[in-house]
Engineer: 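I have a structure here, written as structure tokens, and I will follow up with some questions on it.
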Amino acid sequence: SPLLQLDSNQHALLILFGALPPAVLNFLMAELYQQEPESMASIVLIGNLASLLFVPLGLVLALG
């Protein structure tokens with residue numbers, strides 16, 4: 001954030017967007033092109049479960 005010279009609002013958004021889980025669209029593309037869809041499904045599932053912890057933590061860091 002200091003390297004990017006962001007103001008406080010932009011810094012808060014950077015932290016919050018970094019805490020968001022991976023998109024389901026990644027799985028859909030892996031399924032369409034048959035590029036390890038099972039692995040991508042696992043990544044999306046684990047990312048969504050981890051977001052239950054990291055999104056509130058990101059909000060605390062961003063707003064605190």
Side-chain angles (χ1 to χ4, degrees):
S1 180
L3 293 175
L4 299 173
Q5 300 175 350
L6 302 176
D7 63 26
S8 61
N9 288 337
Q10 292 169 334
H11 176 73
L13 287 173
L14 178 68
I15 291 173
L16 182 58
F17 285 145
L20 292 176
V24 176
L25 181 63
N26 296 331
F27 168 73
L28 295 176
M29 289 289 117
E31 179 73 25
L32 178 66
Y33 294 110
Q34 291 300 309
Q35 298 294 316
E36 300 186 41
E38 298 85 12
S39 298
M40 184 54 66
S42 298
I43 291 169
V44 170
L45 176 66
I46 292 169
N48 282 312
L49 291 175
S51 74
L52 295 173
L53 172 70
F54 287 110
V55 169
L57 181 62
L59 284 171
V60 167
L61 290 174
L63 300 175

Engineer: If I compare all heavy atoms of M40 with all of A30, which pair ends up nearest, and what's the gap?
Structural biologist: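 For M40 versus A30, the nearest heavy atoms are CB-CB, 3.9 Å.
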Engineer: CD/E38 to CZ/F27 distance, rounded to the nearest 0.5 angstrom?
Structural biologist: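 Interatomic distance, E38 CD to F27 CZ, rounded to 0.5 Å: 8.0 Å.
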Engineer: Going only through I, L, V, M, F, W and Y residues with side-chain contacts under 4.5 Å, is there a path from L20 to L13?
Structural biologist: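 Result: yes, single cluster for both.
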Engineer: Quickly, which of Q35, Q34, M29 forms a side chain to side chain contact (heavy atoms under 4.5 Å, CB included) with E31? Name it, please.
Structural biologist: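 Output: one option passes, namely Q34.
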Engineer: Apply the test side chain to side chain contact (heavy atoms under 4.5 Å, CB included) to residues D7 and Q10: give CA-CA distance (whole Å), side-chain angles for both, the deciding distance (0.1 Å), then the verdict.
Structural biologist: CA-CA 5 Å; D7 63 26; Q10 292 169 334; 3.3 Å; yes
Engineer: Are L59 and F54 connected, step by step, through hydrophobic side chains (Ile, Leu, Val, Met, Phe, Trp, Tyr) whose heavy atoms are closer than 4.5 Å?
Structural biologist: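 Unlinked, L59 and F54 end up in two clusters.
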Engineer: So do the side chains of I43 and N26 get within less than 4.5 Å of each other, counting heavy atoms only?
Structural biologist: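 A side-chain contact is absent here, since even the closest heavy-atom pair is not under 4.5 Å.
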Engineer: How long is the straight-line distance from CG of L57 back to CG of L52, given to the nearest 0.5 Å?
Structural biologist: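 Going from the CG atom of L52 to the CG atom of L57 covers 13.0 Å.
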Engineer: Indicate if L25 and L32 have the same hydrophobic cluster label, given that clusters are the connected sets of ILVMFWY residues with side-chain heavy-atom separations under 4.5 angstrom.
Structural biologist: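 In one cluster with L25: L32, yes.
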Engineer: Restricting to non-hydrogen atoms, name the atom on S51 and the atom on P56 that form the minimum distance, rounded to 0.1 Å.
Structural biologist: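 Smallest interatomic distance, heavy atoms only, reads O-CD, 3.7 Å.
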Engineer: What closest approach, in Å, do G47 and P21 show between heavy atoms, and which atom pair accounts for it?
Structural biologist: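 Heavy atoms only, the tightest pair is O-CB, 3.5 Å.
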